[in-house]
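Since the structure comes first, as structure tokens, the remarks are kept for the end.
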Number of protein chains: 2
Amino acid sequence: MLTTKLVMARNVEFNEEEAIQKAMEVFWKKGYSGTSLRDLTDAMKINSSSLYNTIGDKHELFVRCIKHYTAVRAAELKKRAALAQSPLNAVTNFINDAVTVIVEGNSCMAVKAAFEIAADDKVVQDILKEDNDFTHDFLRSLIAQAREQGELTGDDDPEVLTDYLVSMYTGWYESYIIHQDPIRIKKMGQYLINQISR
Amino acid sequence: MLTTKLVMARNVEFNEEEAIQKAMEVFWKKGYSGTSLRDLTDAMKINSSSLYNTIGDKHELFVRCIKHYTAVRAAELKKRAALAQSPLNAVTNFINDAVTVIVEGNSCMAVKAAFEIAADDKVVQDILKEDNDFTHDFLRSLIAQAREQGELTGDDDPEVLTDYLVSMYTGWYESYIIHQDPIRIKKMGQYLINQISR
DNA sequence: CTCATTTTGAAACAATCAATTCAGAATTAT
DNA sequence: ATAATTCTGAATTGATTGTTTCAAAATGAG
């Protein structure tokens, strides 16, 4: 703390988490450069002075949003895997879930952010790296467990196999944007599961 | 033609292809929304009135640029494949070339455009679809030839295998932006070649 | 050369951009 | 209640956005 707060005075009116959620949805859809400050304050239902007072400028807000996005996704990944019947089942669920999300027309904010800004923005790059590392480690651990339990018999380097899996999934997003073809995505998902399972 | 040109009058001073090339480089680096008209006219070394007179507005210019990008890439793909010693060799060259381009720090304008604008822009989407179809058909044909000549013995659906290959390659771009790790990309390239070759 | 036509450069356009200012409303401690 | 402090809303900032205007320069046809 830089200053000691002697008097509490007025409190912030808006719910910060709800506001971040709303801002995230706008950034997710329109991208960073494509989103104006008006788009944001309209969605967040706050005045720009409140935004600059509490969160900061456009870039700081974006950082908060992408952190929120990755945090929610990591939590969902853990939760979903905990429900799986076995390590292999958790991996195939992950792949099938990815297919479902994509063919329902959803995009991925992390992927969009990677291509739009991460190359020129170390702060965002680090957040995406951390998120990617988490997913990577999580899946690799599941594959290792599946092998220990005899569910998988492959002897490929699990590090590379996981990298492969995570990269593939980014390409599916692009494929669906371009071709809008659910069958293509479903077939690739099935092919990937077969390949891992052999 | 809407009007018959009775008098030639003054000719356009600037070289249109060179100007498109310059504009393409700016869009490629900064994205569509991130590029201003002044960025463009500065790079193209023309006045905005000349731009609007000959090419059109910002969106039309972008369309010209992305068309130029895909056309050049398709020509390079054909040229490179023609030099290969065999169909399988052409495919492995394709993969190794992709790895080299990525680890040298280059991005792909088509991939960036797909995530930034193709979802909301049918014109751009169609251009990217056409480009993707070309690459897809080209690689699938090479895989089919390799099988006919006995270079490959796999019996996977070549359609899915090619889709897989093209999707993978998009993920590598993201991986390199996030991790900046050449070894990861090289390992994935090698793994993909092994997998196709089996 | 002269005339009709086109391109060019500089200036300007309204609109929007991200960000700031500041008076007044709100709140808590005393 | 009073005082100290903080937050909010409306207005406004200067800069930049994409696009247009128009007079002057350039050029080919007759």
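Atoms considered below: every heavy atom in the structure, side chains included; atoms not considered: hydrogens, waters and symmetry mates. Proteins come first, then strands; the chains are lettered A, B, ... in the order of their sequence lines, and each starts at number 1. Treat the numbers as computed from the prediction; the structure is a model and nothing was measured.
Not a single donor-acceptor pair under 3.5 Å links the side chain of A:Asp39 to the backbone N or O of A:Thr35. In this structure a side-chain-to-backbone donor-acceptor pair under 3.5 Å is present from B:Arg147 to B:Gly154.
Classification of the B:Tyr32-B:Phe62 ring pair by plane angle, with boundaries at 30° and 60°, yields perpendicular.
Partners of B:Arg64 according to the side-chain hydrogen bond (donor to acceptor under 3.5 Å, both in side chains) rule, which considers only residues two or more places apart in sequence or in another chain, are B:Glu16. Qualifying side-chain contact (heavy atoms from CB on, under 4.5 Å) partners for B:Ala119, counting only residues two or more places apart in sequence or in other chains: A:Ile177.
Atom CG in A:Leu51 sits roughly 9 Å away from atom P in C:dA19 (whole-Å rounding). C:dC17 atom P lies 16 Å from atom CG of A:Asp57, rounded to whole Å. Across the protein-nucleic acid pair, B:Asn53 atom CG and D:dT19 atom P stand 14 Å apart, rounded to whole Å. To the nearest angstrom, P of D:dT20 lies 15 Å from CD1 of B:Ile46. Between B:Tyr52 atom OH and C:dT7 atom P there is a gap of 17 Å when expressed in whole angstrom units. As a whole-Å value, the separation of B:Lys45 NZ from C:dG9 P is 13 Å. To the nearest angstrom, P of C:dA19 lies 13 Å from CD1 of A:Ile55.
Across its full length, the helix from C:dA14-D:dT17 to C:dT30-D:dA1 shows an angle of 30° between the axes of its 5 terminal pairs at either end, rounded to 10 degrees.
Using a cut-off of 4.0 Å between Lys/Arg side-chain N and Asp/Glu carboxylate O, A:Arg140 and A:Asp137 are scored as salt-bridged. Taking a cutoff of 4.0 Å between a charged side-chain nitrogen and a carboxylate oxygen, A:Asp163 and B:Lys187 do not qualify as a salt bridge.
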Between the protein and nucleotides 21-24 of chain D, list every N/O to N/O distance that falls short of 3.5 Å.
none

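Here B:Ser50 reaches the OP1 or OP2 of C:dT8: one of its side-chain N or O atoms lies under 4.0 Å away.
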Name each donor-acceptor pair under 3.5 Å that joins a side chain in residues 99-109 of chain B to protein atoms two or more places apart or in another chain, with its distance.
unit_1   : atom_1 : unit_2  : atom_2 : d
B:Thr100 : OG1    : B:Asn96 : O      : 2.9
B:Ser107 : OG     : B:Trp28 : NE1    : 3.0

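Proximity of A:Leu88 to A:Ile143: side-chain heavy atoms (C-beta onward) are nowhere separated by under 4.5 Å. Between B:Ser167 and A:Met168, some side-chain heavy-atom pair lies under the 4.5 Å cut-off.
A heavy atom closer than 4.0 Å to some atom of DNA chain D occurs in no member of residues 20-44 of chain A.
The side-chain tip of A:Lys58 does not point at the ring of A:Tyr52 from less than 6.0 angstrom away and within 45° of straight on.
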